[in-house]
Each structure stands twice: as C-alpha cells, then as structure tokens.
**Q** 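Pasting in a structure now, in structure tokens, and then I'll have a few things to ask.
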Amino acid sequence: MSDIVQAPPIAAGSEDRQVKLVKMAGFGAGEKSTVAISVATALAIVLLWWLVSALGVVPHLFLPRPDEVLTQIGAIYRDGYAGASLSEHVFASLFRIVVAALIAVSAGIPLGLLMGLNRWAKGVLDAPIEFYWPLPPLSYLPLMIIWLGIGETSKITLLVLAMFAPICLSAQAGVRSLPIERVNAARSLGASRLQLFLDIVLPSALPEILTGIRIALGVGWGTLVAAELIASTRGIGFMIMSASQFLATDVVFVGIGIIAICAFTFSAAIRFLEAFLVPRKGKL
C-alpha cells in the first residue's frame with residue numbers, strides 16, 4: 001500500500017487577499033448632486049452681468065446693474081406699479097396660470113391616456129392636437145379676443161390651449177411606452193381591466209405625465225405675457241409690457257425675475273411630487 005501524503009494546510013496570514021467590491025462606473029450625469037455647480041454658475045452669471053453693466057459695455061438704459069434692479073424691487077413693493085401693488089400683479093398672474101393648469105391637467109391626462117389605449121380616440125384627437133400644437137400662442141390670440149372677448153376667459157383659454165397639448169401627448173407617450181410583458185403578466189394573473197389600468201398602466205405612465213406637466217408649466221409661463229396683452233390692468237406680464245413701452249428696463253428685469261422665481265417654484269414642486277410618487281424613476 002502506498003503512503004498517503006497529507007498536504008500541509010494553507011496558513012491564513014497577512015498575505016491573504018481580501019475580496020474587494022468594485023463599484024460599477026456610472027453613466028450620464030451620475031448620482032451626485034449638481035446644486036453646488038448650479039449655484040456657482042448663477043453667481044458667475046450675476047458677476048458677469050454686473051461687470052458688463054458697470055464697465056458700460058452695454059448702455060445703462062438697456063442693461064441696469066443688479067443692485068439697481070434690487071432697488072427697483074423695493075420701490076415697486078412699497079409703491080406698486082401702474083396703479084396696482086406688486087402682490088396684486090403677482091396674484092393676478094398666479095390665478096390665471098393655476099386655473100389654466102388645473103383645467104389643462106384635468107382634461108389632458110384623461111384624453112392622453114384614452115389616446116394611448118384606444119386607436120379610435122387617437123385617430124380622432126391626434127389630428128387637431130398635432131395641428132394647433134406647433135402654432136405659437138400669438139397666432140391664435142386674435143381669435144381668442146374675437147370669440148371670447150377681452151375678459152379673463154380669453155386669457156385663461158389661451159393658457160389652457162398652450163398647456164393642454166404637452167400634457168395630453170406625454171400621457172399618451174407614457175401609455176405607448178408601457179412594456180407589453182407587464183400587461184401580459186397581469187392578465188395571466190387574472191387582473192381585470194380596472195386593475196390593469198390602476199396597477200399597471202397608470203403607474204407606468206406617471207413619470208411621462210409629470211414630465212409633461214413640467215413642460216406645460218414652462219410653456220404656460222412663456223405664454224403668460226401674451227395672454228396679459230389682452231386689455232389687462234393687472235399681472236406680471238402686463239407690468240413687463242407696460243414698462244417696456246417707457247424703456248423702464250429695471251422694471252422689466254423685475255418682472256422677468258418674478259416669473260423666473262415662480263416658474264422655478266412650480267418646477268421644484270413637480271420634482272418633489274415626482275420623487276414622492278415615482279421614487280423608482282432613473283433607478284431601474
């Protein structure tokens with residue numbers, strides 16, 4: 001019988017290599033926050049603005065300094081502008097944009113979902129939406145005045161038309177991008193049509209819908225100045241247009257700044273809602 005040679009045990013010492021976890025490289029913008037970069041960019045823009053205006057590169061009539069714009073904000077806050085206080089101008093614009101957004105959302109989301117689920121609805125609604133969607137609001141502004149007069153109805157209708165299309169089309173795109181595997185899996189488990197819609201279709205379309213609402217709000221704020229051209233005596237857009245007629249550039253900058261702050265606040269609210277309702281977005 002041959003001798004059995006026992007192999008010496010492998011001693012565990014300092015030379016052993018530990019298993020290291022390797023983190024996969026990210027793609028795109030990555031997961032790190034960009035707030036610091038954005039703040040630095042904003043400060044750089046303000047500094048460049050101050051240098052250009054202080055050095056007289058652009059005439060003072062056309063580009064006031066940032067501190068002069070801040071001073072004008074205080075003056076408008078104390079004394080108002082064009083027969084109305086600053087709060088009245090802001091409230092008038094917020095009222096129009098919020099009412100129009102509620103109408104556009106309540107109509108655009110159901111119709112967009114219907115267009116994504118039903119080919120007859122898509123065939124009927126797609127043509128008129130695609131026809132008027134590329135048109136700038138100023139092109140059908142005269143029709144709003146002729147048909148609806150110069151009151152609040154024409155202003156809000158103009159804003160609704162501007163915001164309706166992106167919301168409706170985004171809801172439709174959300175349904176059309178739904179993977180058919182999810183639908184078939186739900187059907188195989190015995191899901192009813194209502195359960196299929198509430199548990200599969202709507203959650204899958206929600207990210208696209210929220211993105212469409214953000215885009216629509218941006219379009220709405222851009223249309224606000226045009227909407228407030230219609231015999232307005234209140235509103236941020238009216239304040240901007242009135243100031244531009246008198247070359248009050250600092251007041252124009254004040255109005256632009258207020259619109260930017262309001263638009264940023266609305267966008268941040270939608271982002272917060274998106275993070276709450278769709279926490280999985282960008283992680284799957």
**Q** With a 4.5 Å cut-off on side-chain heavy atoms, are Ile258 and Val90 touching?
**A**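 They are in side-chain contact.
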**Q** Measuring from Ile240:CD1 to Ile256:CD1, what's the distance to the nearest 0.5 Å?
**A**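 Between Ile240 CD1 and Ile256 CD1, I get 5.5 Å after rounding to 0.5 Å.
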**Q** Could you pull out the closest heavy-atom pair between Arg214 and Ile270, with the gap in Å?
**A**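 What the structure gives for the nearest pair is CG-CG2, 3.0 Å.
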**Q** When you measure from the side chain of Lys155 to the backbone N and O of Leu224, does any donor-acceptor pair fall under 3.5 Å?
**A**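 Absent.
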**Q** Can you name the ring-ring contact (aromatic ring centres under 6.0 Å, His included) partners of Tyr81, sequence neighbours left out?
**A**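 Per chain and number, Tyr81 pairs via ring-ring contact (aromatic ring centres under 6.0 Å, His included) with no residue.
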**Q** Flag the pair Phe266 / Trp221 as yes when their ring centroid distance falls below 6.0 Å, and as no otherwise.
**A**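 For Phe266 and Trp221, the ring centres are under 6.0 Å apart.
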**Q** Angle between ring planes, Phe253 versus Trp49, binned at 30° and 60°: parallel, tilted or perpendicular?
**A**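 Phe253 vs Trp49 ring planes: parallel.
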**Q** A side-chain contact here means heavy atoms from C-beta on lying under 4.5 Å apart; do Leu117 and Phe197 qualify?
**A**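 A side-chain contact under 4.5 Å exists here.
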**Q** Just wondering, do Val225 and Phe238 contact through their side chains at under 4.5 Å, heavy atoms?
**A**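 Of all side-chain heavy-atom pairs linking Val225 with Phe238, none is under 4.5 Å.
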**Q** Could you list all the side chain to side chain donor-acceptor pair (under 3.5 Å) pairs where at least one residue sits in residues 228-240, not counting sequence neighbours?
**A**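 Qualifying pairs: Ser93-Glu228, Arg96-Glu228.
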**Q** If you compare all heavy atoms of Ala104 against all heavy atoms of Val160, which two are closest, and at what distance to 0.1 Å?
**A**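 The answer is CB-O, 4.2 Å.
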**Q** Using every non-hydrogen atom in the two residues, find where Gly212 and Ile167 come nearest and quote the distance to one decimal.
**A**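 Residues Gly212 and Ile167, closest heavy atoms: O-CG1, 4.0 Å.
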**Q** So do Cys168 and Met115 actually touch side chain to side chain, heavy atoms under 4.5 Å?
**A**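 Yes, at least one pair of side-chain atoms sits under 4.5 Å.
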**Q** Does the side chain of Ser177 reach to within under 4.5 Å of the side chain of Ser204, using non-hydrogen atoms?
**A**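 The answer is no, as the side chains (C-beta and beyond) never meet within the 4.5 Å cut-off.
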**Q** Nearest 0.5 Å, please: how far is CD1 in Ile73 from CD1 in Ile76?
**A**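 So the gap between those two atoms works out to 7.5 Å.
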**Q** What's the separation between atom CG in Leu178 and atom CZ in Arg176, rounded to the nearest 0.5 Å?
**A**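 Leu178 CG to Arg176 CZ: 11.0 Å, rounded to 0.5 Å.
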**Q** Please check if the number of heavy atoms outside Tyr140 that lie under 6.0 Å from its OH is greater than 12.
**A**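 Yes.
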**Q** Decide yes or no on side-chain contact (heavy atoms from CB on, under 4.5 Å) for Leu161 and Met144, but give the supporting numbers first.
**A** CA-CA 11 Å; Leu161 289 175; Met144 297 296 101; 4.1 Å; yes
**Q** Find the distance between CZ (Arg193) and CG (Leu198) and round it off to the nearest 0.5 Å.
**A**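 Answer for the CZ-CG pair, Arg193 versus Leu198, is 13.5 Å.
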**Q** Check for a donor-acceptor pair, side chain of Ser267 on one end and backbone N or O of Phe264 on the other, with a separation under 3.5 Å.
**A**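 No.
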**Q** Let me confirm one number: the CZ-CG distance from Arg182 to Asp199, rounded to the nearest 0.5 Å.
**A**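 So the gap between those two atoms works out to 12.5 Å.
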**Q** Going hydrophobic residue to hydrophobic residue with side-chain gaps under 4.5 angstrom, can you get from Leu51 over to Phe62?
**A**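 No; tracing contacts between hydrophobic side chains, which count when under 4.5 Å, never links both residues.
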**Q** Any donor and acceptor pair, going by atom type alone, linking the side chain of Ser106 with main-chain N or O of Leu102 inside 3.5 Å?
**A**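 Yes, because the side chain of Ser106 sits within donor-acceptor range (under 3.5 Å) of the backbone of Leu102.
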**Q** How about OH on Tyr77, more than 12 heavy atoms from neighbouring residues, nucleotides or ligands closer than 6.0 Å, or not?
**A**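 No, not enclosed.
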**Q** Could you measure the distance from the CG atom of Leu148 to the CG atom of Leu158? Nearest 0.5 Å is fine.
**A**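 Leu148 CG to Leu158 CG: 10.0 Å, rounded to 0.5 Å.
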**Q** Can you see which heavy atom on Pro110 is nearest to which on Val105, and at what distance?
**A**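 That closest heavy-atom pairing would be CD-O, 3.8 Å.
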**Q** Can you see which heavy atom on Thr249 is nearest to which on Pro64, and at what distance?
**A**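 Nearest heavy atoms, Thr249 then Pro64: CG2-CD, 3.7 Å.
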**Q** Is it true that Glu68 and Arg65 make a salt bridge, defined as a side-chain N closer than 4.0 Å to a carboxylate O?
**A**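 Salt bridge between Glu68 and Arg65, a charged N being under 4.0 Å from a carboxylate O: yes.
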**Q** Taking the side chain as everything from C-beta on, heavy atoms only, tell me whether Ser154 gets closer than 4.5 Å to Trp147.
**A**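 Result no, sub-4.5 Å side-chain heavy-atom pair not found.
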**Q** Could you go through the side-chain contact (heavy atoms from CB on, under 4.5 Å) check for Phe164 and Ile103 one step at a time?
**A** CA-CA 8 Å; Phe164 170 79; Ile103 295 174; over 6 Å; no
**Q** Count I, L, V, M, F, W, Y as connected when their side-chain heavy atoms are under 4.5 Å apart, and connections chain through other members. Are Trp50 and Val46 then in the same cluster?
**A**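 No; Val46 is not reachable from Trp50 via cluster members.
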**Q** Looking at Val69 and Val254, what are the two nearest heavy atoms and their distance?
**A**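 Looks like O-CG2, 3.8 Å.
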**Q** Given the rule that I, L, V, M, F, W and Y join up when any side-chain heavy atoms are under 4.5 Å apart, are Leu138 and Ile156 in one cluster?
**A**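 No, it is not one cluster - the side chains of Leu138 and Ile156 are not joined through contacts under 4.5 Å.
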**Q** Do Leu63 and Leu47 belong together in a cluster built from hydrophobic side chains that touch within less than 4.5 Å?
**A**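 Different clusters: Leu63 never reaches Leu47 through Ile, Leu, Val, Met, Phe, Trp or Tyr contacts under 4.5 Å.
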**Q** Hey, does the side chain of Ser242 reach the backbone of Met239 with a donor-acceptor pair shorter than 3.5 angstrom?
**A**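 Between the backbone of Met239 and the side chain of Ser242 there is no qualifying donor-acceptor contact (under 3.5 Å).
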**Q** Would you mind reporting whether Glu130 and Leu169 have side-chain heavy atoms less than 4.5 Å apart?
**A**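 Yes. Closest side-chain heavy atoms under 4.5 Å.
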**Q** With a 4.5 Å cut-off on side-chain heavy atoms, are Leu113 and Gln172 touching?
**A**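 Of all side-chain heavy-atom pairs linking Leu113 with Gln172, none is under 4.5 Å.
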**Q** Could you state whether Leu70 and Ile45 fall into the same hydrophobic cluster, counting links through intermediate Ile, Leu, Val, Met, Phe, Trp or Tyr residues with side-chain heavy atoms under 4.5 angstrom apart?
**A**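 No, because Leu70 and Ile45 fall into different hydrophobic clusters, even though each may have its own neighbours under 4.5 Å.
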